[in-house]
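First the proteins, then the strands, lettered A, B, ... as listed; each starts at 1.
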2 protein chains.
Amino acid sequence: MVTIVRIPNKGGSGTALKPGMLPGLLGYRLRLAQQALFRDFAATVAELSPGRVGILMLIEANPGVTQSRLAQAVSIERSTMVGVLHVLEGRGLVERRRGADRRTNGLWLTAGGRSLVARLKRRIQLHERRVAARLSAEEREQLLGLLEKLTGE
Amino acid sequence: MVTIVRIPNKGGSGTALKPGMLPGLLGYRLRLAQQALFRDFAATVAELSPGRVGILMLIEANPGVTQSRLAQAVSIERSTMVGVLHVLEGRGLVERRRGADRRTNGLWLTAGGRSLVARLKRRIQLHERRVAARLSAEEREQLLGLLEKLTGE
DNA sequence: TATTGTTATACTCTATAACTATA
DNA sequence: TATAGTTATAGAGTATAACAATA
């Protein structure tokens with residue numbers, strides 16, 4: 001027996017809105033694309049937001065980095081970083097160690113942090129393949145290149 | 001007399017961090033590009049965020065649209081839209097009028113809203129030209145097309 | 001004096017759940 | 001029963017200003 005699921009035109013109260021000038025703006029298209037990717041990322045990597053995953057990856061690639069340098073690298077205030085690291089440390093993913101310059105904290109992944117990052121990396125590759133499925137390999141490279149150029153390297 | 005302003009290598013505490021796998025991910029590049037564009041947008045359009053400007057433009061292009069339809073169009077909850085419109089109405093930009101179906105509110109720009117949108121449109125075109133200055137006209141079109149394809153129209 | 005990490009506080013944008021008035 | 005708008009509440013994610021320890 002075959003069950004046919006009919007998806008109702010939910011909220012489809014007639015026609016779509018006229019979009020005005022929005023679709024021609026880079027910022028608008030960028031925002032839509034980012035929202036779409038964010039949804040897929042969240043469905044793939046339930047435990048952490050893209051920004052937090054990025055922070056773990058930066059600590060992994062730069063063991064011993066200080067809080068301020070890391071904050072600067074991801075463009076948030078160092079006061080904001082305090083809370084972020086408090087959460088990541090509380091979840092047993094990151095360790096702070098006092099530096100030779102005793103004003104600083106060096107950051108390292110714990111064993112748990114390293115194994116989580118390893119698992120997430122694999123899932124993020126799946127996510128990447130899925131979102132890029134609408135593009136050819138060349139188009140994906142082209143898009144990465146154009147975004148890099150737009151942002152200024 | 002000529003004053004030479006020497007810009008200190010602010011926060012340049014040595015070398016940049018190793019970025020790991022991040023630069024090869026579409027989501028990461030998209031986020032960086034969006035952040036860069038957001039900064040430029042905020043410097044150009046000080047009075048409203050990109051999302052709020054988009055809402056004004058959608059009301060302009062769709063006079064009489066209901067709150068729920070508008071919320072759906074910009075992918076926020078209708079409960080969230082209530083507060084957004086409360087602010088825009090408080091600033092004299094938007095007007096709510098009770099619809100024929102008396103459960104609904106139709107939305108219109110006020111005269112002030114229309115003139116603000118007209119001014120912002122001009123400034124947004126300048127912003128668009130500035131951010132796209134790193135790309136050729138063809139590359140800009142290519143980028144818009146790839147983003148549209150990635151997002152799924 | 002300058003910098004690092006920290007705290008207290010607040011702002012923006014968003015969601016969920018429950019309510020009301022209408023349909 | 002179902003929908004549109006509303007309210008109360010909460011949670012991310014962020015910033016600014018002031019402070020102690022250290023350089």
Side-chain angles (χ1 to χ4, degrees), chain A residues 8-14 31 34-35 38-39 41-42 45-56 59 64-91 94-107, chain B residues 8-14 31 34-35 38-39 41-43 45-56 59 64-91 94-108:
Chain A
N9 185 4
K10 190 65 182 302
S13 32
R31 192 149 62 98
Q34 217 220 332
Q35 282 172 354
F38 182 90
R39 276 192 299 274
F41 188 98
V45 181
E47 38 272 278
L48 288 170
S49 69
R52 302 307 184 248
V53 173
I55 283 172
L56 289 186
I59 295 174
V65 66
T66 65
Q67 298 188 189
S68 286
R69 284 235 296 158
L70 184 58
Q72 185 200 330
V74 298
S75 302
I76 65 174
E77 289 296 312
R78 65 187 203 281
S79 61
T80 303
M81 185 59 79
V82 173
V84 173
L85 291 173
H86 187 73
V87 171
L88 295 178
E89 201 173 35
R91 291 173 64 168
V94 169
E95 192 191 345
R96 288 188 242 224
R97 288 186 220 152
R98 192 168 218 200
D101 176 341
R102 294 187 2 265
R103 291 171 301 185
T104 66
N105 289 335
L107 302 171
Chain B
N9 186 3
K10 189 64 181 308
S13 31
R31 193 148 61 97
Q34 217 220 332
Q35 282 171 355
F38 183 89
R39 275 192 299 275
F41 188 96
V45 181
E47 37 272 278
L48 288 170
S49 69
R52 302 307 183 248
V53 173
I55 282 172
L56 290 186
I59 295 174
V65 65
T66 66
Q67 299 188 189
S68 286
R69 284 234 298 158
L70 185 58
Q72 184 200 329
V74 298
S75 301
I76 64 174
E77 289 296 314
R78 65 187 202 283
S79 61
T80 303
M81 184 59 79
V82 173
V84 173
L85 291 173
H86 187 72
V87 171
L88 295 178
E89 203 173 32
R91 290 173 65 168
V94 169
E95 193 190 344
R96 288 188 243 225
R97 289 187 220 150
R98 193 168 217 198
D101 177 340
R102 293 187 3 263
R103 291 172 301 184
T104 66
N105 289 334
L107 302 171
W108 278 267

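- Look at CD on Glu77(A): it is 17 Å from P on dG13(D), rounded to the nearest Å.
- Put simply, CD on Gln72(A) is 12 Å from P on dG5(C), counting in whole angstrom units.
- The NE2-C1' distance, from His86(A) to dT7(C), rounds to 12 Å in whole Å.
- Atom CG in Leu107(A) sits roughly 12 Å away from atom C1' in dT4(C) (whole-Å rounding).
- For Arg102(B), no side-chain nitrogen or oxygen approaches OP1 or OP2 of dA4(D) to under 4.0 Å.
- Which of dT3(D), dA15(D), dT14(D) sits closest to the side chain of Arg52(A) comes down to dT14(D).
- Positionally, the nearest nucleotide of DNA chain C for Val82(A) lies more toward the 5' end than for the other of Val82(A) and Ser79(B).
- Between Arg78(B) and dT7(D) there is no side-chain N or O to OP1 or OP2 distance below 4.0 Å.
- A close approach under 4.0 Å does not occur between any side-chain nitrogen or oxygen of Arg31(A) and OP1 or OP2 of dC13(C).
- Within the structure, no pair that satisfies the side-chain hydrogen bond (donor to acceptor under 3.5 Å, both in side chains) test touches residues 78-88 of chain A, not counting sequence neighbours.
- Between Glu95(B) and Arg97(B) there is a salt bridge, since a side-chain N of the basic residue sits under 4.0 Å from a carboxylate O of the acidic one.
- In terms of position on DNA chain C, the residue among Ser68(A) and Gln35(A) whose nearest nucleotide sits closer to the 5' end is Ser68(A).
- A close approach under 4.0 Å does not occur between any side-chain nitrogen or oxygen of Arg103(A) and OP1 or OP2 of dA20(D).
- Side-chain nitrogen and oxygen atoms of Thr104(B) include none within less than 4.0 Å of the OP1 or OP2 phosphate oxygen of dT22(C).
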